[in-house]
Amino acid sequence: MIHSSLRLLQSIMLLSKGCEHGLRSMLYLSLRENGEYVSIREIGDALDISSTFLTKVFQELNDAGLVDSRRGRYGGVTLAREPDGITLYQIVAAVDGESLFTECVLGLPGCGKEKPCPLHREWARQRDQLELMFRRMTMKEMADRAIDRNIRITAEAIIDEMMASEDREEQE
């Protein structure tokens with residue numbers, strides 16, 4: 001069991017930096033008020049990600065219909081649908097494409113049951129488990145876990161700060 005979990009973690013490392021940033025940014029938006037537009041600069045500052053790089057990631061998420069964007073003083077990005085309607089798979093597919101779930105881990109063309117690479121059997125099993133997990137896990141589930149367990153999504157624990165800020169706003 002531990003060995004397969006380690007393999008799963010290693011396979012997650014196959015995500016690009018842009019995809020990792022996209023997942024974290026979508027989680028950040030999922031923790032915000034629904035429909036609230038947040039500037040990419042604010043997200044970048046909170047998550048310690050270059051806003052220039054993040055802008056490119058959000059363009060891909062926007063093109064996939066996962067976020068809406070608005071220009072101007074009160075502009076920014078927001079989720080295009082409810083967090084329970086956005087899966088990790090959709091984010092990965094939007095930013096990195098679906099190759100993680102379809103291609104050979106060694107990048108060998110034609111790898112498959114007929115002409116497998118040395119890792120084909122093991123990778124195919126892990127890849128299928130990973131795809132299933134990414135298809136099932138929604139941004140709402142991720143946000144709920146982050147809140148319930150007070151899990152950090154940045155180098156700094158900002159969830160407490162976000163919740164405290166929302167509480168202050170409600171009291172005013």
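The residues of the chain are indexed from 1 along the displayed sequence.
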Spacing of CZ belonging to R24 relative to CG belonging to L54, to within rounding of 0.5 Å: 9.5 Å

G18 versus V95, closest heavy-atom pair with distance: C-CG1, 3.6 Å

Sidechain-backbone polar pair: Q90 side chain, T87 backbone, donor-acceptor under 3.5 Å: yes

Option among R135, M133, R127 that satisfies the side chain to side chain contact (heavy atoms under 4.5 Å, CB included) test with E131: R135

Validation row: I86, I91 side chains within 4.5 angstrom (heavy atoms): yes

I40 versus S51, closest heavy-atom pair with distance: CG2-O, 3.7 Å

Considering all heavy atoms, the nearest C19-L15 contact: SG-CD2, 3.9 Å

Side-chain heavy-atom pair R32, Y37 within 4.5 angstrom cut-off: no

Test log, rule side-chain contact (heavy atoms from CB on, under 4.5 Å), inputs D68 and V77: CA-CA 6 Å; D68 288 325; V77 292; over 6 Å; no

I49/I43 under side-chain contact (heavy atoms from CB on, under 4.5 Å): CA gap, chis, key distance, verdict: CA-CA 8 Å; I49 302 170; I43 297 168; 5.9 Å; no

Derivation of the side-chain contact (heavy atoms from CB on, under 4.5 Å) call for V57 and S25: CA-CA 9 Å; V57 172; S25 297; 5.9 Å; no

Gap between atom CG of L66 and atom CE of M26 - 0.5 Å precision: 5.0 Å

Salt bridge K56-E60, side-chain N to carboxylate O under 4.0 Å: no

Side-chain donor-acceptor pair present, S16, D96, cut-off under 3.5 Å: yes

L29 side chain reached by V67 side chain, heavy atoms, under 4.5 Å: yes

Side chain W123, main chain E103, donor-acceptor under 3.5 Å: yes

Non-hydrogen side-chain atoms of L132 and R136 separated by less than 4.5 Å: yes

Donor-acceptor contact present, side-chain E141 to main-chain T138, <3.5 Å: yes

Side chains of C111 and L106 in contact at under 4.5 Å (non-hydrogen atoms): no

CA sep, side-chain torsions, deciding dist, call: E82, K140, side-chain contact (heavy atoms from CB on, under 4.5 Å): CA-CA 8 Å; E82 295 293 323; K140 178 169 180 9; over 6 Å; no

Under-4.0 Å salt bridge between R41 and D45: no

OG1-CG distance between T55 and N62, expressed to the nearest 0.5 angstrom: 11.5 Å

Spacing of M142 atom CE and M139 atom CE [to the nearest 0.5 Å]: 5.0 Å

Within residues 49-100 or reaching into it, pairs that qualify as ring-ring contact (aromatic ring centres under 6.0 Å, His included) - sequence neighbours excluded: H21-F53, Y89-F101

